K.L.:
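Next up is a structure, given as structure tokens.
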Protein chains: 2
Amino acid sequence: MQRRQAEQVAAARVRATGERVTPARLRVLAALLRRGEAASHHELERDLAADAIDRVTLYRVLDWLVGQGLAHRISSADRAWRFTAADRRHDAHAHFHCNRCGKVLCLDEVKTPRLPAAMPRGFRAEGLEVTVKGICAGCA
Amino acid sequence: MQRRQAEQVAAARVRATGERVTPARLRVLAALLRRGEAASHHELERDLAADAIDRVTLYRVLDWLVGQGLAHRISSADRAWRFTAADRRHDAHAHFHCNRCGKVLCLDEVKTPRLPAAMPRGFRAEGLEVTVKGICAGCA
DNA sequence: GGTGCAGATGCAACCCTGTTGCGCTTGCAG
DNA sequence: CTGCAAGCGCAACAGGGTTGCATCTGCACC
């Protein structure tokens, strides 16, 4: 997404929550929108390098965005959360994790199966995460 | 698995690698075999409490076991690796992650789909991880 | 049954991701 | 304009995992 468009969309979405509209929220959401792929905290920090916002604030803003449904948190294998703007329904597709560079992105083509009907007695399924691991185009 | 049996199986498998047979390797693999479910580093440390082995050694032994194909590393959402003895083919079933207590176990009933045939150009799939999240029987 | 040494272990110190506590600042309702 | 709850920045901390290095030990060879 282009810079201008990302900023406008971000502003609209943050405003729509009815919560406070702060620069940090706007800038973080805009940064997420500009990136097509899932961004780690560290990558976002770099994206926001110009007039950086505090590490902790970034974590809190990301938490807030996830809480508001404006972003999704993906747990990747390298022990770092990754985040995407909530552009599309995130239950319905798989993620790709590159074993070499650690990059995570969405595989829209790969549909995930629905929640398993048959769970062991006493277990309740709430969500499903499908991750394909391999080597991405950049690393191949 | 019973203690005696676990020790015997562990000894046989470690010997079969042709690499060095050390007490740490035997004890860690036996501990994994005794547990039915995936164990975190911390849980294993507790299991081995009697005459504990060093934190770092435990990490290294686990790495070695994974490298030898004697154990599998599962990345759970709480940013901690979990490990299982490689009893069965681990590609073929899903894992369950409890959102409340963080426990991870194998869902043998839930078959995972085969690797997606259609990947974006330049991407190579090497493995597939399917995780069902929810509340386990103990926490319900 | 020795013995040498590559490889395994233990210890201390470190890194990285993420969190908490707390005083200062600010968006926004009135 | 103003007050104040909510958000922000800083510092300090916590947990999981890794690295460097000196010491120890399985085991291949004698």
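Computed from a prediction, not measured in an experiment: that's the story for all the values here. In the text below, chain A, chain B and the rest are named by the order of the sequence lines, each starting its count at 1.
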K.L.:
Taking the side chain as C-beta and beyond, is there a heavy-atom pair between R25(B) and E19(B) under 4.5 Å?
P.N.:
yes
K.L.:
So, E43(A) side chain and S40(A) main chain: donor-acceptor pair closer than 3.5 Å or not?
P.N.:
yes
K.L.:
Given atom CG of L48(A) and atom P of dG9(D), what is their separation to the nearest angstrom?
P.N.:
11 Å
K.L.:
If you only use heavy atoms from C-beta on, which nucleotide in dT9(C), dG17(D), dA12(C) is closest to the side chain of V56(B)?
P.N.:
dA12(C)
K.L.:
Between R60(B) and V21(B), which is nearer to the 5' end of DNA chain D once each is assigned its nearest nucleotide?
P.N.:
R60(B)
K.L.:
Check every strand shown and say whether T57(B) touches a base, only sugar-phosphate, or nothing at a heavy-atom separation below 4.0 Å.
P.N.:
base
K.L.:
Taking CZ from R55(B) and C1' from dG16(D), how many angstroms apart are they, rounded to a whole number?
P.N.:
7 Å
K.L.:
Are OP1 or OP2 of dT17(C) and a side-chain N or O of S40(A) less than 4.0 angstrom apart?
P.N.:
no
K.L.:
What is the separation between atom NE2 on H41(B) and atom P on dG17(D), rounded to the nearest whole Å?
P.N.:
7 Å
K.L.:
Check every strand shown and say whether H42(B) touches a base, only sugar-phosphate, or nothing at a heavy-atom separation below 4.0 Å.
P.N.:
nothing
K.L.:
What nucleic acid atoms does R25(B) come within less than 4.0 Å of, heavy atoms only: base, sugar-phosphate, or nothing?
P.N.:
sugar-phosphate
K.L.:
Parallel, tilted or perpendicular: which one describes the rings of F123(B) and F96(A), with boundaries at 30° and 60°?
P.N.:
perpendicular
K.L.:
Between R35(B) (side chain) and L44(B) (backbone), is there a donor-acceptor pair under 3.5 Å?
P.N.:
no
K.L.:
Find the distance F83(A):CZ to dG18(C):C1' and express it as a whole number of Å.
P.N.:
10 Å
K.L.:
Would you mind reading off the distance between I53(A) atom CD1 and dG7(D) atom P, rounded to a whole angstrom?
P.N.:
14 Å
K.L.:
Would you kindly give the CD1-to-P distance between I74(A) and dT17(C), to the nearest whole Å?
P.N.:
17 Å
K.L.:
Just to confirm, is there a sub-4.0 Å distance from OP1 or OP2 of dG16(D) to any side-chain nitrogen or oxygen of W81(B)?
P.N.:
no
K.L.:
The side chain of W64(A) lies closest to which of these nucleotides: dT9(C), dG7(D), dC8(D)?
P.N.:
dG7(D)
K.L.:
Please confirm whether Y59(B) and H41(B) have ring centers closer than 6.0 angstrom.
P.N.:
yes
K.L.:
Which is more 5' along DNA chain D, the nucleotide nearest A80(B) or the one nearest E19(A)? Just name the residue.
P.N.:
E19(A)
K.L.:
Expressed in angstrom and rounded to an integer, what is the separation of Y59(B) atom OH from dC11(C) atom P?
P.N.:
16 Å
K.L.:
Could you tell me how far apart L62(A) (CG) and dG7(D) (P) are, to the nearest whole angstrom?
P.N.:
15 Å
K.L.:
If you compare every side-chain N and O of R20(A) against the phosphate oxygens of dT26(C) (OP1, OP2), does one of them come in below 4.0 Å?
P.N.:
no
K.L.:
Is R79(A) side chain donor-acceptor paired with the dG18(C) base, going by distance under 3.5 Å alone?
P.N.:
no
